[in-house]
Colleague: 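The structure that follows is given in the form of structure tokens.
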Amino acid sequence: EERETGVLARLMASRLTLGRLLAGRWLFLTLLGCVQIGAMFLWAALGFGLDLFTPRHLAGFAVMTAMSAAAAAAFGLFLATLCRSRAQLSGIASVVILVMSALGGSMFPRFLMPEGMQQLGRLTFNAWALDGYQKVFWYEAAPAELRRECAVLGAAGAIFLGLAVAVARRSTRGGA
């Protein structure tokens, strides 16, 4: 949107760097994601009796929510930097997110999928997020037991954020 309206060019004419702009957007999107995930889990607690408000569950939930939202925000920024228009982003994001959701277990439990599909699902960050939340709420895992899921989500977030910065720099230099 900023590229389409010319706001990006005005921002880049200031002392704001592209890295700082994307970092600010990433932080905002991460916080927004935390609020959205929080609202979903609050609804699950109030409407379906999810035991959210125990110290262990709340701590694990906070860790998984922060890591999941950060990875999703970085992925969203990466997709946004790849696309030339809002319409293109909408179409690509819809397809990519549906495929990731199907493979990652958001639509259908991964443990019911064939082994090959389960392994393919491990390439999606939502599979790791679901595994972490399952550890917290089903297996009563402490936050320290979420290291593997957090490491994968953190690495995915860092990679996607780095790719977003690289793609954005390349596209602003190329006149796109």
Colleague: Donor-acceptor pairs under 3.5 Å, side chain of residues 159-167 to any protein atom, not counting sequence neighbours: which ones?
Modeller:
none

Colleague: For the residue pair Ala129 and Ser68, what are the closest heavy atoms and their distance?
Modeller: CB-OG, 3.3 Å
Colleague: Check whether any side-chain heavy atom of Glu149 lies under 4.5 Å from a side-chain heavy atom of Lys135, and answer yes or no.
Modeller: yes
Colleague: Hey, what do you get for CG (Leu77) to CG (Leu82), rounding to the nearest 0.5 Å?
Modeller: 11.0 Å
Colleague: Side chains of residues 116-126: which donor-acceptor partners sit under 3.5 Å, not counting sequence neighbours?
Modeller:
{"residue": "Gln118", "atom": "NE2", "partner": "Arg110", "partner atom": "O", "Å": "3.2"}
{"residue": "Gln118", "atom": "NE2", "partner": "Met113", "partner atom": "O", "Å": "2.7"}
{"residue": "Gln119", "atom": "NE2", "partner": "Glu115", "partner atom": "OE2", "Å": "2.8"}
{"residue": "Arg122", "atom": "NH1", "partner": "Asp131", "partner atom": "OD2", "Å": "2.4"}
{"residue": "Thr124", "atom": "OG1", "partner": "Gly121", "partner atom": "O", "Å": "2.7"}
{"residue": "Thr124", "atom": "OG1", "partner": "Asn126", "partner atom": "OD1", "Å": "2.9"}
{"residue": "Thr124", "atom": "OG1", "partner": "Ala127", "partner atom": "N", "Å": "3.4"}
{"residue": "Asn126", "atom": "ND2", "partner": "Met100", "partner atom": "O", "Å": "3.3"}
{"residue": "Asn126", "atom": "ND2", "partner": "Ser106", "partner atom": "OG", "Å": "2.8"}

Colleague: Using 0.5 Å steps for rounding, measure from the CE atom of Met40 to the OG1 atom of Thr65.
Modeller: 8.5 Å
Colleague: Are Trp138 and Leu130 co-members of a hydrophobic cluster defined by side-chain heavy atoms under 4.5 Å apart?
Modeller: no
Colleague: Would Leu52 end up clustered with Leu46 when hydrophobic side chains under 4.5 Å apart are linked, directly or stepwise?
Modeller: yes
Colleague: So with a 6.0 Å cut-off around CZ of Phe28, is the heavy-atom count from everything else above 12?
Modeller: no
Colleague: Give the C-alpha distance, both sets of side-chain angles, the deciding distance and a yes or no for side-chain contact (heavy atoms from CB on, under 4.5 Å) between Leu50 and Trp43.
Modeller: CA-CA 9 Å; Leu50 176 71; Trp43 174 252; over 6 Å; no
Colleague: Donor-acceptor pair, Thr30 side chain versus Trp26 backbone, under 3.5 Å?
Modeller: yes
Colleague: Only one of Leu103, Val96, Ile97 passes side chain to side chain contact (heavy atoms under 4.5 Å, CB included) with Val99; say which it is.
Modeller: Leu103
Colleague: Where does the angle between the aromatic ring planes of Phe137 and Tyr133 fall among parallel (under 30°), tilted (30 to 60°) and perpendicular (over 60°)?
Modeller: parallel
Colleague: Quick one: does Leu98's side chain get under 4.5 Å of Met107's, heavy atoms only?
Modeller: yes
Colleague: Please report the shortest heavy-atom distance between Ile92 and Cys83, naming the atom on each side.
Modeller: CD1-SG, 3.8 Å
Colleague: Would a distance-only check, ignoring hydrogens and angles, find a side-chain to backbone donor-acceptor pair under 3.5 Å from Gln88 to Arg84?
Modeller: yes
Colleague: Evaluate Met67 against Trp128 for side-chain contact (heavy atoms from CB on, under 4.5 Å), listing each step before the verdict.
Modeller: CA-CA 10 Å; Met67 297 305 293; Trp128 292 94; over 6 Å; no
Colleague: Taking all heavy atoms of Ala73 and all of Leu29, pick out the closest pair and write down the distance.
Modeller: CB-CB, 3.6 Å
Colleague: Look up atom CG in Leu42 and atom CD1 in Ile37, then write down how far apart they are to the nearest 0.5 Å.
Modeller: 13.5 Å
Colleague: Please tabulate, for the side chains in residues 56-64, all donor-acceptor contacts under 3.5 angstrom to protein atoms that are two or more places apart in sequence or on a different chain.
Modeller:
{"residue": "Arg56", "atom": "NH1", "partner": "Glu140", "partner atom": "O", "Å": "2.6"}
{"residue": "His57", "atom": "ND1", "partner": "Asp51", "partner atom": "O", "Å": "2.3"}
{"residue": "His57", "atom": "ND1", "partner": "Thr54", "partner atom": "OG1", "Å": "3.4"}
{"residue": "His57", "atom": "NE2", "partner": "Val136", "partner atom": "O", "Å": "3.4"}
{"residue": "His57", "atom": "NE2", "partner": "Glu140", "partner atom": "OE1", "Å": "3.1"}
{"residue": "His57", "atom": "NE2", "partner": "Glu140", "partner atom": "OE2", "Å": "3.2"}

Colleague: Check the hydrophobic clustering (I, L, V, M, F, W, Y; side-chain heavy atoms under 4.5 Å; chains of links allowed) and say if Leu22 and Leu32 are grouped together.
Modeller: yes
